[in-house]
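Side-chain atoms are counted along with the backbone in the values below, which use heavy atoms only and exclude waters and symmetry mates. Chain identifiers are assigned alphabetically (A, B, ...) following the order of the sequence lines, protein sequences preceding nucleic acid strands; residue numbering begins at 1 within each chain.
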Amino acid sequence: MKPIVVLDFETSGMSPDFNDRAIEIGAVKIVDGAIVDEFQSLMNPGVYINGFIQDLTGISNDMLKDAPHNSQVMTQFYEFIQDSHIVAHNLSFDKKFLDAELGLVDLEFTGSAGCSLLLARRILPDSPNHKLGTLVNYCRVPKSGQFHRALDDAKMTGFIWLAMIDKIESSIGKTVSFEMIQKICKTPKKKIPELLASI
DNA sequence: TGCCAGGCCCTCTTTAGGGCCTT
């Protein structure tokens with residue numbers, strides 16, 4: 001089974017379509033249900049980081065001043081995710097930035113991707129909501145460090161992912177493939193019990 | 001220059017609207 005890289009970006013805003021850029025990447029690599037490696041780097045895209053983002057992340061313009069440029073970091077990160085599946089909390093957000101930043105260095109990730117937010121809405125329907133911070137408490141996984149820092153968020157997302165996989169596998173009594181997880185994420189909530197019973 | 005998102009999912013739906021998530 002391929003490794004799973006759980007990743008998280010901190011960015012200058014909500015969309016690369018409006019010239020927002022990644023300012024930090026954090027990721028953990030999961031093999032056989034355990035975190036075996038990690039990747040973290042600030043990166044300096046050469047754009048000014050506004051006060052809201054500085055307050056949210058604790059990442060200041062001064063901290064980015066001497067950070068390596070995005071092109072250098074993303075080239076290294078591309079090697080880190082080779083031959084892996086990727087997972088993120090609200091994948092559609094992080095995948096946009098991954099594609100945009102890799103595209104700027106003429107690279108492309110063509111592997112499979114999964115979303116812990118979509119899985120949580122299906123597997124943990126009784127959670128008060130499906131924000132990362134809420135799921136950390138709901139799943140009783142370790143709170144590692146500071147929210148809105150990339151590596152800490154990636155670690156916590158990784159723990160939540162593993163907790164959800166464990167819950168699925170405990171309920172059906174067998175292991176599930178990454179492809180099956182993707183299928184669960186695409187299945188309407190109402191049909192999840194029926195799907196799990198059929199595995 | 002400055003503008004500022006968008007996919008998912010529910011429902012009093014599908015000829016739509018609005019909340020949830022991510023920074």
Distance, rounded to the nearest Å, where F147(A) contributes CZ and dT23(B) contributes P: 11 Å
Looking across every strand, which nucleic acid part, if any, lies under 4.0 Å from L118(A) by heavy atom: base, sugar-phosphate, or nothing? sugar-phosphate
Quantified in whole Å, what is the C1' atom distance between nucleotide dC21(B) and nucleotide dG2(B)? 26 Å
P atoms of dG19(B) and dT1(B), separation to the nearest Å: 36 Å
Which Ile, Leu, Val, Met, Phe, Trp or Tyr residues join Y48(A) in one cluster when any pair of side-chain heavy atoms under 4.5 Å counts as a link? none
Partner set under ring pair (Phe, Tyr, Trp, His ring centres under 6.0 Å) for F9(A), not counting sequence neighbours: none
Here the distance between atom P of dC8(B) and atom NE2 of H89(A), to the nearest Å, is 15 Å
D152(A) and R149(A) ion-paired at < 4.0 Å: no
Between K95(A) (NZ) and dT23(B) (P), how many Å, whole number? 18 Å
Can you tell me how far P in dT15(B) sits from the matching atom in dC20(B), rounded to whole Å? 26 Å
How about F77(A) and F39(A): are their ring centroids closer than 6.0 Å? yes
Nearest nucleotide by nearest heavy atom, which residue falls closer to the 5' end of DNA chain B, K190(A) or T11(A)? K190(A)
Would you tell me whether H89(A) and S116(A) have side-chain atoms, one donor and one acceptor, within less than 3.5 Å of each other? yes
Whole angstrom is fine here: how far is it from CG in L119(A) over to P in dC9(B)? 11 Å
For the side chain to side chain contact (heavy atoms under 4.5 Å, CB included) test, which of I4(A), L135(A), V141(A) pairs with W161(A)? I4(A)
Looking only at atom P, what distance separates dC4(B) and dC8(B), rounded to whole Å? 24 Å
Note: contacts of residues 124-132 of chain A with DNA chain B (heavy atom, under 4.0 Å) are N129(A), H130(A), K131(A), L132(A)
Taking side chain to side chain donor-acceptor pair (under 3.5 Å) as the test, write out the residues that go with S15(A), two or more places apart. none
Taking the C1' atom of each, how far is dC12(B) from dG18(B), in whole Å? 13 Å
Does any N or O in the side chain of R122(A) come within less than 3.5 Å of the main-chain N or O of C185(A), such that one atom is a donor and the other an acceptor? yes
Select base, sugar-phosphate, or nothing to describe what F97(A) touches, counting heavy atoms under 4.0 Å on all strands. nothing
Quickly work out the D152(A) CG to dT23(B) P distance and round it to whole Å. 12 Å
Interatomic distance where CD belongs to E10(A) and P belongs to dT22(B) [whole Å]: 11 Å
Over how many whole Å does the gap from E24(A) atom CD to dT22(B) atom P extend? 16 Å
Determine whether the side chains of N90(A) and S92(A) contain a donor N or O and an acceptor N or O closer than 3.5 Å. yes
When the distance from CG of L98(A) to P of dT23(B) is rounded to whole Å, what number comes out? 15 Å
Select from I53(A) and T187(A) the residue whose nearest nucleotide in DNA chain B is closer to the 5' end of that strand. T187(A)
Side-chain N or O of H148(A) less than 4.0 angstrom from OP1 or OP2 on dT23(B)? yes
Within the structure shown, what part of the strands sits under 4.0 Å from D55(A) by heavy-atom distance: base, sugar-phosphate, or nothing? nothing
Got a sec, which pairs hit ring pair (Phe, Tyr, Trp, His ring centres under 6.0 Å) with one end in residues 170-199 of chain A, sequence neighbours left out? H85(A)-F178(A)
Using nucleotides 3-7 of chain B, report all nitrogen or oxygen pairs with the protein that are shorter than 3.5 Å.
{"residue": "dG6(B)", "atom": "OP1", "partner": "D17(A)", "partner atom": "OD2", "Å": "3.4"}

Using the C1' atoms only, state how far dT14(B) lies from dC10(B), rounded to an integer number of Å. 13 Å
Just call it for D94(A): base, sugar-phosphate, or nothing, with non-hydrogen atoms closer than 4.0 Å on any strand. nothing
Backbone N or O of A150(A) within a donor-acceptor pair of the E24(A) side chain at under 3.5 Å? yes
